[in-house]
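For reference, the structure discussed in these notes is given below.
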Amino acid sequence: MTNRNLINQYLKQTQDIYGDKLYFNFKKDPKYSKVAGYSLDEFHNSIKNCQACQLGATRKSFVFGVGDKNADLLLVGEAPGEKEDMEGIPFVGRAGRLLDKILSAISLSRDSGVYICNVIKCRPPKNRDPLPSEIEKCEPYLKEQINLIKPKLIVALGRVAAKTLLNNDLSLKEMRSVKHNYYGIPLVATYHPAALLRNQNLKPAAWDDFKWIRNLIS
Ligand code: URA
């Protein structure tokens with residue numbers, strides 16, 4: 001493709017996501033984001049009424065993300081469940097409470113140094129798996145969150161998040177315990193907290209993962 005075609009393609013994709021405003025994001029430092037770029041909150045505001053897929057019609061909340069906007073650690077789950085849909089905040093149900101306990105055990109919390117979001121921002125009815133078409137529409141939002149937060153490490157919670165971010169069709173077992181590379185940012189995959197609630201036997205391995213995660217961001 002020629003440079004001109006590449007630029008056209010990029011502008012078209014940007015227009016699909018943000019409309020007719022052209023945004024620039026030069027630096028992570030918040031003092032620059034006011035002048036030169038736009039903030040995570042501004043991005044959130046620009047997409048919160050999204051109707052790009054059918055989930056827009058059934059959701060109660062657009063669950064954008066929560067936590068430290070300058071986080072070193074970004075945790076990515078699958079999709080909001082019922083409680084998250086009601087409250088508009090990711091990981092607030094049983095799985096979320098377990099996630100908070102795990103974070104606290106490695107001296108982290110969602111308020112400090114950690115940001116939490118999902119691959120898709122709206123609840124699939126009856127918590128069914130997100131459809132590939134829904135993931136395809138929503139993934140650019142996740143990419144832009146990563147671009148704005150610029151974490152030191154991304155952790156994919158569960159297979160859906162891992163295979164979306166790594167663009168493969170591997171099992172979680174194959175993706176675990178490997179330091180992957182997401183456009184220059186280290187990425188590791190571990191069990192989804194809901195899987196740990198279903199199967200206690202996975203907890204020791206998950207604990208190993210989180211101790212490793214703690215080391216990777218130290
Ligand atoms: N499971 C997820 O993947 N995300 C949430 O926000 C809640 C449960």
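Positions are given from 1 along the sequence. Atoms within each ligand, like the ligands themselves, are counted from 1 in listed order.
- Contacts of Ala95 with ligand 1, taken as heavy-atom pairs under 4.0 Å, are absent altogether.
- Of the possible polar contacts, one joining the Glu84 side chain to the Gly93 backbone as a donor-acceptor pair under 3.5 Å is found.
- Side-chain atoms of Glu144 never come within 3.5 Å of backbone atoms of Tyr141 as a donor-acceptor pair (strictly under, hydrogens ignored).
- Near Glu78, meaning under 4.0 Å from any of its heavy atoms, are these atoms of ligand 1: 2 (C), 3 (O).
- Paired with Tyr115 under the rule side-chain contact (heavy atoms from CB on, under 4.5 Å), one option of Leu74, Asp68, Leu148, Val76 passes, and it is Leu74.
- Considering backbone and side-chain N/O atoms, Phe91 comes within less than 3.5 Å of an N/O atom of ligand 1.
- Within the listing of ligand 1, atoms 1 (N), 2 (C), 3 (O) sit less than 4.0 angstrom from a heavy atom of His192.
- In this structure, the ring of His44 has its center no less than 6.0 angstrom from the ring center of Tyr38.
- Nearest protein heavy-atom neighbour of atom 4 (N) of ligand 1: Asn118 OD1, 2.7 Å.
- Using a 4.5 Å heavy-atom threshold, the side chains of Ile154 and Pro151 count as touching.
- Taking every non-hydrogen atom of Pro90 and a distance limit under 4.0 Å, the qualifying atoms of ligand 1 come out as 6 (O).
- The option with the heavy atom closest to atom 8 (C) of ligand 1, from among Pro130, Gly77, Ala79, is Ala79.
- With Glu78 contributing its side chain and Ile120 its backbone, the two residues share no donor-acceptor pair below 3.5 Å.
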